[in-house]
Asks: 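Could you have a look at this structure, given as structure tokens, before my questions?
Note on naming: letters A, B, ... go to the chains in the order of the sequence lines (proteins, then strands), and numbering restarts at 1 for each one. These figures come from a predicted structure and were not determined experimentally.
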Amino acid sequence: MTEFEEKILRETCKIPLGEVRTYSWLAQQCGRPRAHRAVANALKKNPWPLAVPCHRVIRSSGELGGYSLGRRLKRELIKLEKKAKDMIK
DNA sequence: AAGTAAGAAATTT
DNA sequence: AAATTTCTTACTT
């Protein structure tokens, strides 16, 4: 595990409930604005699929992107978290 | 050297 | 204007 990957994962954990960020956004948070591709690489081999909310990371075009546990689940999780957010507020 | 869960730009439809 | 192709990106293996 490289430092870059760890940074990515830590930033991913900061994404609030019911919200999403893009791959390039994460790249910027780590000081490498053009490393979006490497970000995807780090997330796909995320060792803790649920502990780190990598399902809150989507493409900048608004599309889902991929997910190690299946894009379908990813969609469901985001939907569910939006609901949860509404319920809490 | 090759591959990637991306992106922007150029190209075609 | 939307869909598809092509090249670039930076990082890992």
Asks: As a test of understanding, state which of A/Arg71, A/Arg75, A/Glu81 forms a side-chain hydrogen bond (donor to acceptor under 3.5 Å, both in side chains) with A/His55.
Replies: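 Among the candidates, only A/Glu81 passes.
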Asks: Under a 4.5 Å cut-off applied to non-hydrogen side-chain atoms, are A/Leu9 and A/Cys54 in contact?
Replies: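 Contact flag for A/Leu9/A/Cys54 side chains = no.
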Asks: Rounded to the nearest angstrom, tell me the gap between atom CZ in A/Arg21 and atom C1' in B/dA6.
Replies: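 Going from CZ in A/Arg21 over to C1' in B/dA6 covers 18 Å.
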Asks: Within the structure provided, determine whether A/Ile78 and A/Lys82 are in side-chain contact (heavy-atom separation under 4.5 Å).
Replies: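 Yes, side chains in contact.
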Asks: If pairing requires Watson-Crick or G-U wobble contacts with both distances under 3.5 Å, which nucleotide is the partner of B/dT11?
Replies: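 Its partner is C/dA3 (Watson-Crick or G-U wobble, both distances under 3.5 Å).
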Asks: Roughly, in whole Å, what's the span from CZ in A/Arg59 to C1' in C/dT9?
Replies: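 Nearest whole value for this atom pair: 14 Å.
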Asks: Measuring to OP1 and OP2 of B/dG7, would you say a side-chain N or O of A/Ser60 lies under 4.0 angstrom away?
Replies: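 Yes, such a contact exists.
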Asks: Specify the separation, in whole Å, of atom OH of A/Tyr23 and atom C1' of B/dA8.
Replies: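 The answer, rounded to whole Å, is 17 Å.
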Asks: In whole Å, I'd like the distance from the CD1 atom of A/Ile8 to the P atom of B/dT4.
Replies: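 In whole Å, B/dT4 P lies 19 Å from A/Ile8 CD1.
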Asks: What is the distance from CD of A/Glu63 to P of B/dG7, rounded to the nearest Å?
Replies: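 Taking CD of A/Glu63 and P of B/dG7, I get 9 Å after rounding.
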Asks: Would you tabulate the nitrogen or oxygen pairs shorter than 3.5 Å linking the protein to nucleotides 10-13 of chain C?
Replies:
{"from": "C/dA10", "atom 1": "O4'", "to": "A/Arg34", "atom 2": "O", "distance (Å)": "3.4"}
{"from": "C/dC11", "atom 1": "OP1", "to": "A/Arg32", "atom 2": "NE", "distance (Å)": "2.9"}
{"from": "C/dT12", "atom 1": "OP1", "to": "A/Thr2", "atom 2": "OG1", "distance (Å)": "2.5"}
{"from": "C/dT12", "atom 1": "O3'", "to": "A/Lys45", "atom 2": "NZ", "distance (Å)": "2.1"}
{"from": "C/dT13", "atom 1": "OP1", "to": "A/Lys45", "atom 2": "NZ", "distance (Å)": "2.5"}

Asks: Taking NZ from A/Lys44 and C1' from B/dG3, how many angstroms apart are they, rounded to a whole number?
Replies: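 Going from NZ in A/Lys44 over to C1' in B/dG3 covers 7 Å.
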Asks: So, are A/Arg21 and A/Glu11 salt-bridged, with charged N and O less than 4.0 Å apart?
Replies: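 A/Glu11 and A/Arg21: not salt-bridged.
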Asks: Using atom types as modelled and distance alone, determine if a side-chain donor or acceptor of A/Lys44 lies under 3.5 Å from a backbone N or O of A/Tyr67.
Replies: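 No.
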Asks: Tell me: CG of A/Leu26 to C1' of C/dT9, nearest whole Å?
Replies: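 It works out to 16 Å between those atoms.
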Asks: Kindly say whether A/Ile8 contributes a backbone atom to a donor-acceptor pair with the side chain of A/Arg10 at under 3.5 angstrom?
Replies: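 The answer is no, because no donor-acceptor pair under 3.5 Å joins these two groups.
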Asks: State the pairing partner of C/dT9; accept Watson-Crick or G-U wobble contacts with both distances under 3.5 Å, and report none otherwise.
Replies: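 Result: none.
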